[in-house]
Asks: 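Let me begin by handing over the structure; questions about it come next.
None of these values were measured; they are calculated from a predicted model. Note: hydrogens, waters and symmetry copies are ignored here, and every other heavy atom, side chains too, is used.
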Amino acid sequence: MGRGTVQMLLLLGLLHWGPGGEGRKSWRRRGPQQQPAAAARERSEAAGQPVESFPLDFTAVEGNMDSFMAQIKSLAQSLYPCSAQNLHQELRLHLLLNSSVTCNDGSPAGYYLKESKGSRRWLLFLEGGWYCFSRENCNSRYETMRRLMSSKDWPITRTGTGILSSQPEENPHWWNANMVFIPYCSSDVWSGASAKTEKNEFVFMGALIIQEVVKELLGKGLGNAKVLLLAGSSAGGTGVLLNVDRVAEQLEELGYPGIQVRGLADSGWFLDNKQYRRTDCIDTITCAPTEAIRRGIRYWNGLVPERCKMQFREGEEWNCFFGYKIYPTLRCPVFVVQWLFDEAQLTVDNVHLTGQPVQEGQWVYIQNLGRELRNTLKDVTASFAPACLSHEIITRNHWTDIQVKGTSLPRALHCWDRSLHDSNKNGKVPLKGCPVHLIDSCPWPHCNPSCPTIRDQYTGQEMNVIQFLMHMGFDVQKMAQQQGLEPSKLLGMLSSAS
């Protein structure tokens, strides 16, 4: 299959769908039928559904090259599907040229990059993976999870999934961006700025790694960017909250004030609540989040944004690691994705959903946790919070399946992008049927029918919603009474959601 053939097919396609009488036809990803783009869009937006068509609109080329590139790729794949199989999908490893910015063990830090020539959007993703906060548990982490503390065994390439995928079907809005995956090898929630000392055999440079990656990428096309989305999951999600303003400030200082810096924090919005059962701070899993961060911030020489730091007394900077406390101080727009019943939160709260059904006290604690988390998100402008028991989502290949109030996460992010673009341009109100504040209101884990599949941790068997709730000690009679329903009706509702 020669390059000339592909170019000829593209040219024929462009001539056929050019700015003449046929210029408003559109290709749909699924199904052979074609419909006028404007009518299809109106029907989809009226129903609150994502627009699945790719109209070839040449009037938009000058103002939105990303959109134009998306149209061309869609057309190429439709005309010549075998060429899509050969598209470069992998992100390639680059170790930092500045060898003084390293992982915990002194090996060079780095990043994986997949360039998208012609796109002015850049997505930088911060990997997650808990943390360590003392010599003892960092030594243990090095023995059991060395990949998260060293670059010595990193593969040369990675395949992007979820929001890092280059496939429009898996990543309908960001597939054409320049993708950057930054591996987590600093164990400090992306906050550290400490060099190796005689006292400490490990270095913690999470914040410095981000700064150095941004600096290197400026020489690889980031300088021409229109939008930089700093995204991350779990510890990487918290890292977004801690670093998004600092990245914007860095770009301004280096002479790039025109790049719009935004944040996407996935599963990094933790609560500094009381544990269900208090335990001594022995290791990462049993230590209460507040105590772990208190110890960690000293051990890592952790940095927090100045605007947040000013809200608290000296020595209380640990507060800035908790989303609902740092969010009001941020200048950059941030989209928060958070499960209402986050598994990592429940783990550090010492609620372990294994073995026997949970006791009534645990069940009440879990429901209260969802309520507390929901309350902390009420003033967050852009959010997506399903009532599910899970952890991390944006790099999962099923991330398009989860919905809140009928809207998927990629659709909500698309609406957020449009709202930011419109407000920058002319102060327009976001389009009707394009929501950006989506929080489930149902009160228990997995009451949202689009939640990810649950498996019994011992048998590996899939569980439906009723089986899962029974496993958790769910009292149908009592819950039906609380909801003002007949028990049979509640069971029917749960069955239809499973």
Asks: Can a salt bridge be assigned to the pair Glu392 and Arg396 using a cut-off of 4.0 Å between side-chain N and carboxylate O?
Replies: yes
Asks: Relative to each other, are the rings of Phe181 and Tyr112 parallel, tilted or perpendicular (30° and 60° limits)?
Replies: perpendicular
Asks: Could you tell me which residues satisfy side-chain contact (heavy atoms from CB on, under 4.5 Å) with Asn139, sequence neighbours excluded, listed by chain and number?
Replies: Arg135, Glu201, Phe202
Asks: Assess, by modelled atom type and distance only, whether the side chains of Glu216 and Asn98 contain a donor and an acceptor separated by less than 3.5 Å.
Replies: no
Asks: Donor-acceptor pair, Glu317 side chain versus Phe312 backbone, under 3.5 Å?
Replies: no
Asks: Is it the case that atom NZ in Lys274 sees more than 12 heavy atoms from other parts of the structure closer than 6.0 Å?
Replies: no
Asks: Please report the interatomic distance CG(Leu95) to OG1(Thr102), rounded to the nearest 0.5 Å.
Replies: 12.0 Å
Asks: Should Leu413 and Ile163 count as side-chain neighbours, where that means a heavy-atom distance under 4.5 Å?
Replies: yes
Asks: My understanding is that only residues two or more places apart in sequence, or in another chain, count here; which of them pass side chain to side chain donor-acceptor pair (under 3.5 Å) with Arg158?
Replies: none
Asks: Tell me the closest heavy-atom pair linking Ser187 and Arg141, and the distance in Å.
Replies: OG-NE, 2.9 Å
Asks: So, does Asn448 use its side chain to make a donor-acceptor pair with the main chain of Gln403 at under 3.5 Å?
Replies: yes
Asks: Is a side-chain donor or acceptor of Asn243 paired with a backbone partner of Ser191 at a separation under 3.5 angstrom?
Replies: no
Asks: What I'd like to find out is whether the side chain of Gln311 reaches to under 4.5 Å of the side chain of Asn319, using heavy atoms alone.
Replies: no
Asks: Measure from the side-chain N and O atoms of Asn397 to the backbone N and O of Gly162, and report whether any donor-acceptor pair falls under 3.5 Å.
Replies: no
Asks: For residues Cys434 and Arg411, determine if any side-chain heavy atom of one lies less than 4.5 Å from a side-chain heavy atom of the other.
Replies: yes
Asks: Can you classify the ring geometry of His173 versus His414 as parallel (below 30°), tilted (30 to 60°) or perpendicular (above 60°)?
Replies: perpendicular
Asks: Between Glu170 and Thr161, is any pair of side-chain heavy atoms under 4.5 Å apart?
Replies: yes
Asks: Would a 4.5 Å heavy-atom cut-off, applied to side chains only, mark Arg295 and Cys281 as touching?
Replies: yes
Asks: Looking only at side-chain N and O atoms, does Asp272 offer a donor or acceptor that is under 3.5 Å from a partner on Tyr324?
Replies: yes
Asks: Can you give me the closest heavy-atom contact between Leu389 and Pro445, atom names plus distance?
Replies: CB-CB, 4.3 Å
Asks: I would like to know whether Val348 and Trp130 meet side chain to side chain contact (heavy atoms under 4.5 Å, CB included); could you show each step before the answer?
Replies: CA-CA 11 Å; Val348 293; Trp130 292 89; 3.4 Å; yes
Asks: Please tell me if the side chains of Ser233 and Ile394 come closer than 4.5 Å, counting only heavy atoms from C-beta onward.
Replies: yes
Asks: Give me the atom names and distance for the closest heavy-atom approach of Trp339 to Cys388.
Replies: CE3-CB, 3.3 Å
Asks: Applying side chain to side chain contact (heavy atoms under 4.5 Å, CB included) to Ser234 and His391, what does each step give before you reach the verdict?
Replies: CA-CA 8 Å; Ser234 194; His391 185 61; 2.8 Å; yes
Asks: Does atom CZ (Arg307) have a neighbourhood of more than 12 heavy atoms from anything else shown, all under 6.0 Å?
Replies: yes
Asks: What closest approach, in Å, do Leu126 and Val240 show between heavy atoms, and which atom pair accounts for it?
Replies: CD1-N, 3.9 Å
Asks: If the condition is side chain to side chain donor-acceptor pair (under 3.5 Å), which residues does Trp269 pass it with, not counting sequence neighbours?
Replies: Thr376
Asks: Please step through side-chain hydrogen bond (donor to acceptor under 3.5 Å, both in side chains) for the pair Asn176 and Ser116, ending with a clear verdict.
Replies: CA-CA 6 Å; Asn176 188 49; Ser116 182; 3.0 Å; yes
Asks: Answer yes or no: are there more than 12 heavy-atom neighbours, outside Lys309 itself, under 6.0 Å from its atom NZ?
Replies: no
Asks: Output yes when a side-chain donor or acceptor of Ser107 lies under 3.5 Å from a complementary backbone atom of Ser151, and no otherwise.
Replies: yes
Asks: Is it true that a side-chain atom of Asp440 and a backbone atom of Cys442 form a donor plus acceptor pair closer than 3.5 Å?
Replies: no
Asks: Answer yes when Arg147 and Glu127 have at least one side-chain N-carboxylate O distance shorter than 4.0 Å, and no when they do not.
Replies: yes
Asks: Just how far is it from atom CE of Met179 to atom NZ of Lys114, taken to the nearest 0.5 Å?
Replies: 6.0 Å
Asks: Just by modelled atom types, is the Arg277 backbone N or O under 3.5 Å from a matching donor or acceptor in the Asn350 side chain?
Replies: yes
Asks: How long is the straight-line distance from CZ of Phe133 back to CD of Glu291, given to the nearest 0.5 Å?
Replies: 8.0 Å
Asks: Find the distance between CD1 (Ile402) and OG (Ser408) and round it off to the nearest 0.5 Å.
Replies: 10.0 Å
Asks: First locate atom CG of Asp379, then atom CG of Asn375, and finally report the distance between them rounded to the nearest 0.5 Å.
Replies: 10.0 Å
Asks: Under 3.5 Å, is there a donor-acceptor pair between the side chain of Thr238 and the main chain of Gly268?
Replies: yes
Asks: Considering only NZ, NE, NH1 and NH2 on the basic side and carboxylate oxygens on the acidic side, decide whether Lys215 and Glu212 come within less than 4.0 Å.
Replies: yes
Asks: Could you check whether the rings of Tyr276 and Tyr365 sit parallel, tilted or perpendicular, using 30° and 60° as the cut-offs?
Replies: perpendicular
Asks: Quick check: does any side chain N or O of Ser140 sit under 3.5 Å from a backbone N or O of Asn137, one acting as donor and the other as acceptor?
Replies: no
Asks: State the CG-CH2 distance between Leu409 and Trp416, to the nearest 0.5 angstrom.
Replies: 11.0 Å
Asks: Can Arg146 and Asp105 be counted as an ion pair, charged N to O under 4.0 angstrom?
Replies: no
Asks: Can you see which heavy atom on Cys185 is nearest to which on Trp154, and at what distance?
Replies: CB-CZ2, 3.7 Å
Asks: Working note: Ile393 + His398, criterion side chain to side chain contact (heavy atoms under 4.5 Å, CB included); need CA distance, chi angles, decisive distance, verdict.
Replies: CA-CA 8 Å; Ile393 180 62; His398 64 264; 3.9 Å; yes
Asks: Please examine the side chains of Thr329 and Met310, heavy atoms only from C-beta on, and report whether any two atoms are closer than 4.5 Å.
Replies: no
Asks: Treating Ser383 as the side-chain partner and Val336 as the backbone partner, does any N or O pair qualify as donor plus acceptor under 3.5 Å?
Replies: no
Asks: For the ring-ring contact (aromatic ring centres under 6.0 Å, His included) test, which of Phe204, Tyr111, Trp190 pairs with Tyr184?
Replies: Trp190
Asks: Might you point out which heavy atoms bring Phe341 and Ile366 nearest each other, and give the distance in Å?
Replies: CE2-O, 3.2 Å
Asks: Under 6.0 Å between ring centres, would you say that holds for Phe270 and Phe322?
Replies: no
